[in-house]
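Right, one structure below, let's go through it.
Each chain gets a letter, A, B and so on, in the order the sequences are listed, and its residues count up from 1. Worth saying up front: this structure is predicted, and the values here are computed from it rather than measured.
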Amino acid sequence: MKLYNPQDVEQHAQKLWQDRDTFTVKQDSDKEKYYCLSMFPYPSGQLHMGHVRNYTLSEVIARFQKMQGKNVLHPIGYDAFGLPAENAAIKHKTAPAKWTYANMADMSEQFKRLGFAFDWSRQLATCDPDYYRWEQWLFVRLFKQGLVYRKDATVNWDPVDQTVLANEQVIDGKGWRSGAEVIRKTIPQWFLKITDYADELLAALDDMPGWPDSVKTMQKNWIGKSKGLEIDFEVPEFGSISIFTTRPDTLFGVSYMAVAPEHPLALQAAANNADLAEFLTQCSKEQSNEAAMATMEKKGKPTGLMAIHPLTGDKVPVWVANFVLMSYGTGAVMAVPGHDERDHEFALKYDLPIKRVIAGDGDIQATAETDYGILVNSADYDGLNFEQAFERMQHYFQQQGIGRLQINYRLRDWGVSRQRYWGCPIPIIYCDACGAQPVPESDLPVVLPEDVVFDDTGGSPLKKMPAFYETTCPQCHKSAKRETDTFDTFMESSWYYARYACPDYDEGMLSDEANYWVPVDQYIGGVEHAILHLLYARFFHKVLRDQGLVNSDEPFTRLLTQGMVLKDGAKMSKSKGNTVAPQELIDRYGADTVRLFSMFAAPPEQSLEWSDEGVEGASRYLNRLWHQVQEFIAKKHAVKPLNTENLSSEQQQLRYKIHQSIAKVTSDIAERHHFNTAIAAMMELTNALSKYDDNSDNGVALMHEGWLSLVKMLSPFVPHICQALWEDMQQPGLVAETDWPQVDETALVQDEVEMVVQVNGKLRARIRVSAEANQSAVEKIALAEDNVQRFVDGKTIRKVIVVPKKLVNVVVS
RNA sequence: GCCGGGGUGGCGGAAUUGGUAGACGCGCCGGAUUCAAAAUCCGGUUCCUUUGCGGGAGUGAGAGUUCGAUUCUCUCCCUCGGCACCA
């Protein structure tokens, strides 16, 4: 008997697929298309288990859909720009491009060794000028349409390395290399007006049934639409400040105002107040990310300025507070300590008055009451509820011209400038006379010089390359300077899915073929991308649509968010030393084993705990499968058609098992995406077939049907071994190109079913009854059971619940 | 802190619409095979109790709804992901 040698079997199958271009696809209007995509990887050089899991998931779906007769696109490429290449450049003294291209070649080799059904002809890399030129082209178009603007924004500045740091490079407020205290610095940067699309991005979520609710909820909360009033407060000696509030009903409870440290009012007040200026400096050293802002100690300083309450005319002090965000709303808030927890905490700390303006009987000095209620201590507005007060105030302020209805979003415009080298150059030229000018379309792409040397001083090499930045103004042709910032790498990952449809098209960003393939039918990637990447890509898609480049509204019809791969309960990482290299496992057990384990160990959404013993088990299963099928083949049975009219009860049972397994595996893959239970069902079928021993014509026909169905169903998971078994079973062509097995409903009809009998919800007996038995008959059989009688005896039967074909519950007291 | 997940045997997990808790696999235990071991095959395996039949408890903790809750509601604990410059 042939032995199972994974390395031979896998090489053989991979060569077949390559020679026959099995997974290269073309537009074909006769076939239903299916676009299956996993988020493309950053080319770090080493494939890790997260990748294996991610691409095996899309792989199984892609191969399954192909067997359903669809024209399946399953592409791969690289998200090639990014910070790690710059770090590697400094460390290894190589250019980021060289390092990146070498990594991509390595990873492609590893992908091929895993046998993934990718259409390699469509491979793309975002660092390729043929790719990013269209991103620059789009940016220029958006610039002309006013969807791009420049404004000041804060960055992390390392004063020793004289460089901008990414958030991840700031550790406990210090630069990761220099250890210097990082400060907030404000510099001009480019923004995309994603907020123009906020409403559509929000509303469309209600019509995306293929997305998990959790992701939709996160995006909804991230966009954070809220309705409130913008109200102007007079501030003598400054002018006026506008605040946004969703709770105008608490306006009479305002006892102070708070502005962000970067607010113009704060800056003016600090000009002749050394104490306040010192406080602002302190604030500039605090981290500006949201998590830090929310957890840090709330601190403030009075500015000495007073605001006039627009309804009472009272003077209330204006404070600077470290927790007010300049980037949200107007950078200033009214504080109502009686009915807002943060304001309350702040008021207690700085001994500011706390007033009750919403009816209630708690101690307002001790706890803020944030629920809606009836207004009190609010002059004419007393007795109104939230809606009434909101409406009257809106009306009043509008009439006075000092307030207006405002829809506010938590979502901020997308800052796309990065002060880094290894990214797509922003196609802008700065002219002293004409200002910021987009690079003319005919001059695109602005190519990133790849042959660079990194020194240790940090900062982008572009800033030291006159050959790159010295240019002329496209408007007045005088000498001008090119932008040396590059794009956020989320830009590239926001449209790559569409470019896979036409990766070599050089007459435009997207060809007509994009509308054949896009939207992606199934998108798969880590949950960590639930908000940023997926929101930016949705935004880009709508922008592309409005440019007439695609004709759909959303890029991803169905979304599957996979969990992380853990080892010993922690995320695999080099620093923890708990990594498992896929390559070693492939060498040892073969790609099929690695693929099988990664699909069997957990359902896709959950985190997956890596287990060496589990891998061993997967390998053992494949060996068992191989031997069982080979044993069946070795008997050289003449397979005759199954005579369904004449089946023994054992044959009926096996037939039931085969078809029930097909039904389960099909729905687990197609609908639930629970690949682990699909595999469990196939293991059960394997066990049933292994135990079965019947050399009659019907017996052989059933075994043949069973093994063949199993080989087909396992093939998306473990395609190499299945191709070998397929051939050994004398089947024509490729298992990858065959049809998925069909369920025969007649095999699923059963005349007897097992039911459980409970007394007061506790299991007391099991009964076998005819599938057609009516309720009273079932009830009678159930009550006749000895062990049921034991618990019913001497008690009154209150009622009997019968769930057909499942259970009987006798309620007694 | 805010938003979104997760918590079930020794371990990974299953239970699809409120209806048998623990499928499948790992590990472990016993047996077969072997000079012996590995590999393989067969059987057992939630805990407590019982010779056995059976009984009791049990899905992070606590409450609630229900004939019946791993599943629904509330409060709490632990843990993971995201928080706008990691990708």
Side-chain angles (χ1 to χ4, degrees), chain A residues 39-42 44 79 81-84 153 155-156 164-170 189 212-222 224 288-296 323 327 342 410-420 488-490 493 526-533 535-536 561 563-564 566 569-571 597 600-603 605-618 620-621 623-624 627 664 667-668 671-672 674 676-677 679-684 687 754-758 760-763 766 787 790 798-801 803 806-812:
Chain A
M39 292 177 186
F40 63 171
Y42 177 79
S44 57
D79 189 12
F81 277 137
L83 212 44
V155 292
N156 304 311
V164 176
L165 299 179
N167 284 343
E168 98 171 332
Q169 297 172 317
V170 181
Q189 305 189 60
D213 288 336
S214 57
V215 174
K216 288 191 278 189
T217 306
M218 279 191 265
Q219 292 211 349
K220 223 170 255 182
N221 293 335
W222 184 262
S288 59
N289 66 71
E290 202 186 65
M293 298 285 279
T295 48
M296 71 195 176
F323 60 85
S327 51
R342 202 171 53 182
R410 209 186 75 93
L411 179 71
R412 309 197 291 259
D413 277 335
W414 179 9
V416 295
S417 297
R418 296 294 180 269
Q419 296 69 43
R420 290 192 235 301
D488 177 7
T489 55
F490 276 125
S493 56
V527 234
E528 64 271 24
H529 297 292
I531 296 175
L532 293 179
H533 162 60
L535 193 65
Y536 290 143
T561 50
M564 290 188 313
L566 310 177
K571 189 173 176 171
F597 176 74
F600 180 59
E605 294 89 348
Q606 273 179 46
S607 56
L608 183 157
E609 175 67 35
W610 193 261
S611 148
D612 294 336
E613 293 79 16
V615 177
E616 197 84 47
R620 205 148 49 204
Y621 170 73
N623 269 294
R624 211 157 51 223
H627 287 292
K664 164 120 184 106
S667 78
D668 275 356
E671 284 139 44
R672 300 206 310 153
H674 277 207
N676 57 329
T677 54
I679 293 168
M682 291 189 282
M683 286 174 168
E684 281 188 60
N687 293 342
E754 189 185 72
M755 294 179 73
V756 295
V757 186
Q758 302 179 330
N760 282 352
K762 286 200 157 80
L763 179 70
R766 291 164 195 278
N787 206 39
R790 263 180 70 192
R798 296 282 169 209
K799 61 174 155 178
V800 180
I801 290 146
V803 181
K806 280 201 174 136
L807 134 166
V808 181
N809 188 12
V810 184
V811 185
V812 300

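- A distance of 7.0 Å separates CD in Gln219(A) from CD1 in Ile531(A), rounded to the nearest 0.5 Å.
- Residue contacts shown for Phe600(A) include a base, since a base heavy atom lies under 4.0 Å away.
- Among the heavy atoms of the strands lying under 4.0 Å from Val811(A) are primed sugar atoms or P, OP1, OP2 only; no base atom is included.
- Atom CG in Leu83(A) sits roughly 8 Å away from atom P in C86(B) (whole-Å rounding).
- Nucleic acid contact for Ala530(A): none, since no nucleic acid atom lies under 4.0 Å from a heavy atom of the residue.
- Residue Lys762(A) places none of its side-chain N or O atoms closer than 4.0 Å to OP1 or OP2 of C67(B).
- Note on Thr217(A): every side-chain N or O is 4.0 Å or more away from OP1 and OP2 of G4(B).
- Using a 4.0 Å heavy-atom cutoff across all strands shown, Val155(A) reaches at least one base atom of the nucleic acid.
- Between the side chain of Lys664(A) and the base of U16(B), at least one donor-acceptor pair of N or O atoms lies under 3.5 Å.
- Leu807(A) contributes atom CG, which lies 11.0 Å from atom CZ of Arg766(A) (distance to the nearest 0.5 angstrom).
- For G54(B), neither phosphate oxygen OP1 nor OP2 lies less than 4.0 angstrom from any side-chain nitrogen or oxygen of Asn787(A).
- Atom CD of Glu613(A) is separated from atom P of C24(B) by 20 Å (rounded to the nearest Å).
- Between the C1' atom of A84(B) and the CZ atom of Arg412(A) lies a distance of 5 Å, rounded to the nearest Å.
- Between the side chains of Thr677(A) and Asp668(A), at least one donor-acceptor pair of N or O atoms lies under 3.5 Å.
- Here Trp222(A) lies in heavy-atom contact (under 4.0 Å) with a base.
- As judged by a 4.0 angstrom heavy-atom cut-off over every strand, Met39(A) is placed among residues making no nucleic acid contact.
- Contact record, Asn676(A) with Phe600(A): CB-O, 3.3 Å, taken as the closest heavy-atom pair.
- Spacing of C1' atoms, U16(B) relative to G64(B), comes out at 26 Å, to the nearest Å.
- The distance from atom CG of Leu535(A) to atom P of C3(B) is 18 Å, rounded to the nearest whole Å.
- Ser214(A) comes within contact range of the sugar-phosphate backbone alone, with a heavy-atom separation under 4.0 Å but no base atom that close.
- As rounded to whole Å, 18 Å separates atom P of G6(B) from atom CD of Glu609(A).
- Heavy atoms of Pro603(A) sit under 4.0 angstrom from primed sugar atoms or phosphate atoms, though from no base atom.
- As rounded to whole Å, 13 Å separates atom P of A15(B) from atom NZ of Lys806(A).
- Taking side-chain N and O atoms only, Arg620(A) has a distance below 4.0 Å to OP1 or OP2 of G27(B).
- Counting non-hydrogen atoms under 4.0 angstrom, Asn623(A) reaches nothing in the nucleic acid.
- Separating the C1' atom of G13(B) from that of U73(B) is a span of 27 Å, rounded to the nearest Å.
- Look at Asn809(A) and you won't find any side-chain N or O under 4.0 angstrom from OP1 or OP2 of U20(B).
- Only the P atoms considered, U8(B) is 14 Å distant from U79(B), to the nearest whole Å.
- Annotation: side chain of Leu411(A) is in contact with side chain of Leu535(A) (closest heavy-atom distance under 4.5 Å).
- When heavy atoms are screened at a 4.0 angstrom cut-off, Gln189(A) is found touching base atoms of the nucleic acid.
- Within the 4.0 angstrom heavy-atom criterion, base atoms lie near His529(A).
- Of the side-chain N and O atoms in Arg624(A), none sit less than 4.0 angstrom from OP1 or OP2 of C24(B).
- Applying the 4.0 Å criterion to OP1 and OP2 of A14(B), one finds that Gln606(A) has a side-chain N or O inside that range.
- With respect to the salt-bridge test (charged N to carboxylate O, under 4.0 angstrom), the residues Lys664(A) and Glu684(A) do not qualify.
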Secondary structure of RNA chain B per the Watson-Crick/G-U criterion (both distances under 3.5 Å; [ ] crossing, | other strand, . unpaired) is (((((((..(((......[....)))((((((.......))))))((((....))))..(((((..]....))))))))))))....

